[in-house]
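These notes are about the structure you will find just below.
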Amino acid sequence: MAAWGERVAVKPSLRTVLLVQLAFLAATALVLGVATSLLASTLAPEHAFPLVLAVIAGDVVIFIAFGAYLVQRLVLRPLGRIRDAADAVIAGRLDARAPEAETADLTTLGERLNRMTDHLLDAQSQLVRAEKLATVGRLAAGIAHEIGNPLGGASTYVEVLRRR
């Protein structure tokens, strides 16, 4: 918990990060397009068209490559780490933890997985405790039975002897 007056770093949402990054990329593509059109206006039409076409193709390739990089870095890789932590929990390693991510959404998802794992650990420890208590109860019942049978027989014989 942060002390009063201390700044706490707030992670942006995944949507915000992606929109900002893609807006930056779109602005860069727009500036490049405007510069290309200004350059193309000074060229002869037969030379301008291939230049504009090459710039548009380059923009598309860069946009796709950068978009794929963003999705990989901000979505797929963190989800893979969370999936690996979930697989570890499924395999019985309840000490596995999902790491923090760059965005608030995936960090929250990881924290919730970690909380569920903590609840599983608590439930498992309660189950072990209940099993131990049940075992002690069965042992006590067995001992009481083993002691009770001879005592019951002895008390019956004592009662018979007292009546004679």
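Worth saying up front: this structure is predicted, and the values here are computed from it rather than measured.
- Remark: Asp118 engages Arg97 in a salt bridge (charged side-chain N to carboxylate O under 4.0 Å, His left out) (not counting sequence neighbours).
- Grouped with Leu120 in one hydrophobic cluster are Val89, Leu94, Leu121, the linkage being side-chain heavy-atom contacts under 4.5 Å among Ile, Leu, Val, Met, Phe, Trp and Tyr residues.
- With sequence neighbours excluded, the residues that form a side-chain contact (heavy atoms from CB on, under 4.5 Å) with Ala44 are Glu46, His47.
- When the side-chain contact (heavy atoms from CB on, under 4.5 Å) test is applied to Phe63, the partners found at least two apart in sequence or on another chain are Leu22, Leu25.
- Residues meeting the side chain to side chain donor-acceptor pair (under 3.5 Å) test with Thr107, sequence neighbours left out: Lys11.
- In this structure Ile143 satisfies the side-chain contact (heavy atoms from CB on, under 4.5 Å) test together with Leu139, Ile147, sequence neighbours excluded.
- Residues satisfying the salt bridge (charged side-chain N to carboxylate O under 4.0 Å, His left out) criterion with Arg73, sequence neighbours excluded, are Glu102.
- Listed by chain and number, the residues in a salt bridge (charged side-chain N to carboxylate O under 4.0 Å, His left out) with Arg115 amount to none (sequence neighbours excluded).
- Contact annotation: the side chain of Leu79 approaches that of Leu109 to within less than 4.5 Å [non-hydrogen atoms, C-beta and beyond].
- For the side-chain contact (heavy atoms from CB on, under 4.5 Å) test, residues two or more places apart in sequence or in another chain that qualify with Arg163 are Glu159.
- The side chain to side chain donor-acceptor pair (under 3.5 Å) check on Ser13 picks up Thr16, with sequence neighbours excluded.
- Among residues two or more places apart in sequence or in another chain, the side chain to side chain donor-acceptor pair (under 3.5 Å) test is passed with Ser125 by none.
- Residues Val52 and Ala40 come closest through the heavy atom pair CG2-CB, 3.9 Å.
- Minimum heavy-atom separation, Ala98 to Leu113: CB-CD2, 3.9 Å.
- Residues passing the salt bridge (charged side-chain N to carboxylate O under 4.0 Å, His left out) test with Glu111, sequence neighbours excluded: none.
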